[in-house]
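Okay, structure first, notes after.
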Amino acid sequence: MKKGDHLFLVDGSGYIFRAYHALPPLTRKSDGLPVGAVSGFCNMLWKLMQNARDTDVGVTPTHFAVIFDYSSHTFRNDLYPEYKANRSAPPEDLIPQFGLIRHATKAFDLPCIEMEGFEADDLIATYARLAHEAGGDTTIISSDKDLMQLVGPTVSMYDPMKDKEIKVPEVIEKWGVPPEKMIDLQALMGDSVDNIPGVPGIGQKTAAQLLEEFGDLDTLLARADEIKQNKRRETLIENREKALMSRELVRLMNDVPDVDALDTLVLQPPNGPKLISFLKTMEFTTLTRRVAEASGTEAAEIEPAHVDVQWGADAHGPDLTAAPVSDPEAASSGDVAPTPEAREAQNTPAALAAARLAEAVAGKVDTTAYTCIRDIATLRAWIEEAREEGVVAFDTETTSLDPMQAELCGFSLAIRPGRAAYVPLIHKSGAGDLLGGGQIEGQIPAREALAALKPLMEDRSVLKIAQNLKYDLVMMHRHGIDVAPYDDTMLISYVLDAGVFGGHGMDALSERWLGHTPIAFKDVCGSGKSLITFDLVDLEKATTYAAEDADVTLRLWRVLKPRLVEKGLVSVYERLERPLVPVLARMEQRGISVDRQILSRLSGDLAQGAAALEDEIYQLAGERFTIGSPKQLGDILFGRMGLPGGSKTKTGQWSTSAQVLEDLAAEGHELPRKIVDWRQLTKLKSTYTDALPGYIHPETKRVHTSYALAATTTGRLSSSEPNLQNIPVRTAEGRKIRTAFIAEPGNLLISADYSQIELRVLAHVADIPQLRQAFADGVDIHAMTASEMFSVPVEGMPGEVRRRAKAINFGIIYGISAFGLANQLSIPREEAGSYIKKYFERFPGIRDYMEATKAFARENGYVETIFGRRAHYPEIRSPNPSIRAFNERASINAPIQGSAADIIRRAMVRMEGALEKAGLENTRMLLQVHDELIFEAPEGEVERAIPVIRDVMENAAMPALSMKVPLHVDARAAHNWDEAH
DNA sequence: ACAGAAGCTTA
DNA sequence: GTAAGCTTCTGTT
C-alpha cells in the first residue's frame, strides 16, 4: 500500500444487525429462507465496488475487506466476565443470514477476515493503523459509535444506509466530543447493550459536559472533588474503578497480532460468473442483471450455486416478524426474484403489496419539491388534478392537538408520491413586530379556500386519505365540510399490525415502511417554553412540514392498503374500524355535562378529610413528612418505626402499596390504615374533583374526552384528556364523583352495559357446556362455578366460596397463574394451584382452549378474535421464561377481551342508525367504557330508547356470527351517571 | 421542562 | 394473572 491508496473496511457483523432491524423484515427467498439483510449487504458491496465515487465518500477504493466477529468470547470477557452478557440470542430469521453473508463476501472475491479472541472492531482498528502507517486512507463502512474513536485525518466512517460520511465534525456533532475523546466518553456513559457499566447516572450529555470541562477522564477523576453537584461528585468518586475498567472495555486494540498484510486486500475486479451464480441462488434478480451487464456476462447461462445454509433451529417455522410476506417478490430493494408461480400471479394481492413496498422503499422523499399555494387559481388547478387522480391525501395544520379548541392554520394535499402542496390560510409573521405580528400577505382567504376544497372533500368519486382521520374529520366538520369517502392509514396499520413494535403514528410508520424520517414537529414549532403555534411558522418551513405529512400519508396508503387484502383483513377494517371514526368523532364533539358545583363541594370535603388525616398521621408518625412520597413513608414505617417490611420494589425501595399497608393495618397498626385512607381522598381530589373542571369546554360547557382507536393491542378503545373510562365506582366515596356527570335539564342519562360479556365470549369460543347452559338459564355464573368446583349447592352458599370462584373466573380470562390467583385471594400459592387444577378438571374445555390458543400464538405470532381481528405477540417465543409466560397470558386474554371489544364496536357502529330509524332523533350516544355505553335522551324518548339500545347491543354479533351464548344488557336511566349505572 | 418510578383508578 | 391513563414525587436538565 502506498500514499493515495484507499482502504475500505466493512464492519460485516455490524452491518447485518443494522440491515436486519432497519429494513422491513420481509424479504424471503421462494423457499422461505429469510435473506433481507443479505440482499442489503450485496447491494451495498456492489455499489461501493462499482461506483463509490457517486456516494458521499466520493473516492474509489484500492483495497477492500469485510471484517466479522469470530465468536462471542474475546479478551474483554477475561477483563470483565459480564461483558455483553445480557445480549439475547439473535432473532431466529437472522441466524441463517450470518453464514450467507460470509458466502456473499467470498462470492464478491473479497477478503473475509475474522480472528478468534478479537472483535471485528479490533481488526478494523489494526488495519486502519497499518494503512495510516503506509500513507493510505481508510473508510470504515459502519455507523457504530464504538468505531468512532478511530476517526481522524486519514480515517473516516461511512453509513451506507444513510449514504453519509462520518468525519471529525460529524462525531462532534453527534456526541459532543472529538473522536479521540470517544473512549473516555463511552467509559463514563457506559453501554447497556454491551453491558459496559460506565458511571451510574451519567449519560451522554453529562459525560460530554464533564469532558468538555476537565479535558479527559484521568483529569476528571483526579479532580472529581471539584464537581459542584453533590450527587454527581459522589457517584464519580465512588465509581472510579468502574469508569477505568469501562475504558479498557471500549478501547479498541489496534495491534492485533498476525493479521494479513495490506497487500492481500487489493481490490480485484469481480469474477462475474462466480458472483452471478451466488446471486441467482439468492434470487436477487435486479442485482444479478446489473452484475451481468457490468461484467459482460450472460446471466442466463450460469447455474445457481449450491450454498450450504446453516438453518436456525426452526427456520421452517412461522415468521414472527411484522409483516411476513409469503410472496418472494417482496424484496425491500426489489431484488428477490419472482418464482414462475409468482410471475404468473402478478395480479394477486400479494404481488401488488410487494410491488408497492418495493416502490415505496425505492422512492425518496424530497422535501424541497413541495408547493406553497397562495392564490385561488393554483388551488383550483390542484383540486382539479386531485379529482382526476381520484385519490388524494390531506392533512390539516392547526393551533392545538385538541380538535375542539384548535384553529385551522392551513391544509395540505398530496396527489401522487412527491406531488404535494400546502395551503396556508391564517399564518402570521412572528415576534419582533410591535403589534404582535400581522397576517402574512398572499394567503387565500380561509372561507374562499375552504369553499373551493369542499366539493372535492365531499366528492363520492374521490377517496380522501388521512393519518388519524378522526382529528381532521372534526376539524373539517367545524368548517362545514363532511369528508367522504375516506381511508385512514393509522387504522390500516392498526388492523395489520396491532402489537407489533412501535406505534401507528405517522413518524413510526414512515420509518418502518418508507425508511424515511419525517421532519419532527418540534423542529418546526419548538417545544416547552419556546413552543409556538403553527400559524406563526414561516411559510417555507410550514410548507415543507405540512406537505411532507400529506406526501408520506399517501405513500403509506399505497403500501398498506393492498396488505389488507393480502392478509384477509379488509372486513375487520371496513366493519370495525373505518365506520367507527365518524361515530367517535360525534361522541367527542357532543361531550358530557359535568356539574362544577358538585365537584367543587366534593373537593372541599375531600380537602377537609385529608387535612384531618394529615394531622393524625403526623401525630402517629411523630414528625411531619411528605405523605405522598413512598420513599419517605417507607423510611418512616420500616426504618424509624421498625414495622415488619413486606416486599421491595424493583429499585430496592420498600413497597408501600395498598396491599402492604392493608396487611399492616390488619395486624393492628394504626398509621398504615390512615395512609391508605389519605391516599384515597387525595387521589379522588387530584385526579377527579380538581382536574375535571379544567376540561369543561368554555363554549359548550361540556367535557369532551378523546378516544384513541389504535392504542391497544386487543382492539379496545382508550380514553384520555380526560380519561372517562376510569371514573371511580367501587367505593361509596368514589361513586360521588359520578353524581357530577349529569343530563341536561329535561333529559336523562341512560347507561347500558353488557353483563359478563367476557365470560360469555369465553363460553362461546371454548364451547363449555356448563357455562353455555348457565348463561342460557340466566343463573349466577360465579355461584355456578363454585358449585361445580366445590360441590356446594348454590342455595345458602357462603359468600367467601362464591368470591373465590369469581376470582378464578376472572383469573381464567387473564390467562391464570397460581402466583396471580394466590395474590388476588391472599392464599398460599399451593392452594391457588390446587384450585386451578380442580377448575380444569371440571372444565377441561377451558384448558384445551388455553393450550390451543398458546400453540396458535407460538405458531403464528398472533391470535385472533371471533371477528378476525389480530393481536400480535412477537415475543411469545422469547427464551426468557417470564417474558414468554407474560406473552402467553396476554395471548389467552386477547381473543376474549378483543372479541368483547369487537362486539361493542359493532353495536356502536349501528346504534345511531337504529335510533334514527326508531324516530329517536334526540337520543345521543356520549361515552363508551369498554362494556358500557352512556346516552343522553330527552325524558320523553327514554322509554322507547332503552329497548332499541338493548336490541342493538344484544344482537351486535349478528349476522356475522351467531353466538352460542346469549348476550345480556342491563340498562337504566337517571339524572346522573351514578344512579343510572 | 422532562422522564421514570410508584401508586391508583377503571373494565 | 389481562387491557388502559393520570398524578405525584424525585432526580435531572
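Just so we're on the same page: letters track the sequence lines, and every chain starts at 1.
- Taking atom CZ of Arg738(A) as the reference point, atom C1' of dT9(B) lies 10 Å away to the nearest angstrom.
- Put simply, Ser657(A) has no side-chain N or O that comes within less than 4.0 Å of OP1 or OP2 on dA6(B).
- Taking the six-membered ring where the residue is Trp, Phe741(A) and Trp977(A) present perpendicular rings, their angle passing 60° and hence far from 30°.
- In this structure, Gly628(A) reaches the sugar-phosphate backbone alone: every heavy-atom distance under 4.0 Å involves primed, P, OP1 or OP2 atoms, never a base.
- Residues satisfying the side-chain contact (heavy atoms from CB on, under 4.5 Å) criterion with Ser891(A), sequence neighbours excluded, are Ala857(A), Val863(A), Tyr873(A), Ile876(A).
- Under 3.5 Å, the side chains of Ser755(A) and Asp970(A) contain no donor-acceptor pair of N or O atoms.
- Among the heavy atoms of the strands, none lies under 4.0 Å from Ala871(A).
- With 3.5 Å as the limit, one finds no donor-acceptor pair spanning the side chains of Asp497(A) and His504(A).
- Backbone-only engagement by Gln632(A) is indicated by non-hydrogen atom pairs under 4.0 Å involving sugar-phosphate atoms exclusively.
- Remark: Arg716(A), Gln725(A), Asn726(A), Ile727(A), Pro728(A), Val729(A), Arg730(A) in residues 711-737 of chain A come within less than 4.0 Å of DNA chain B through at least one heavy atom.
- For DNA chain C, the neighbouring residues in residues 823-841 of chain A, judged by any heavy atom under 4.0 Å, are Asn823(A), Gln824(A).
- Near DNA chain C, defined here as any heavy-atom distance below 4.0 Å, the residues from residues 881-904 of chain A are Phe886(A), Arg889(A), Ala890(A), Asn893(A), Gln897(A), listed numerically.
- Between His872(A) and Tyr862(A), the ring planes lie tilted relative to each other; the angle falls in the 30° to 60° range.
- Ion pairing of Asp605(A) with Lys736(A) is absent here, as no side-chain N (NZ or NE/NH1/NH2) approaches a carboxylate O to less than 4.0 Å.
- Under 4.0 angstrom from either OP1 or OP2 of dA6(B) there lies at least one side-chain N or O belonging to Thr649(A).
- Residue Phe810(A) is out of contact with every strand shown, counting any heavy-atom pair closer than 4.0 Å.
- Annotation: salt bridge (Lys or Arg N to Asp or Glu O under 4.0 Å) contacts involving residues 804-815 of chain A, sequence neighbours excluded, comprise Glu800(A)-Arg804(A), Arg804(A)-Glu831(A).
- A 4.0 Å heavy-atom criterion places the boundary nucleotides of DNA chain C facing chain A at dG1(C) to dT13(C), written 5' to 3'.
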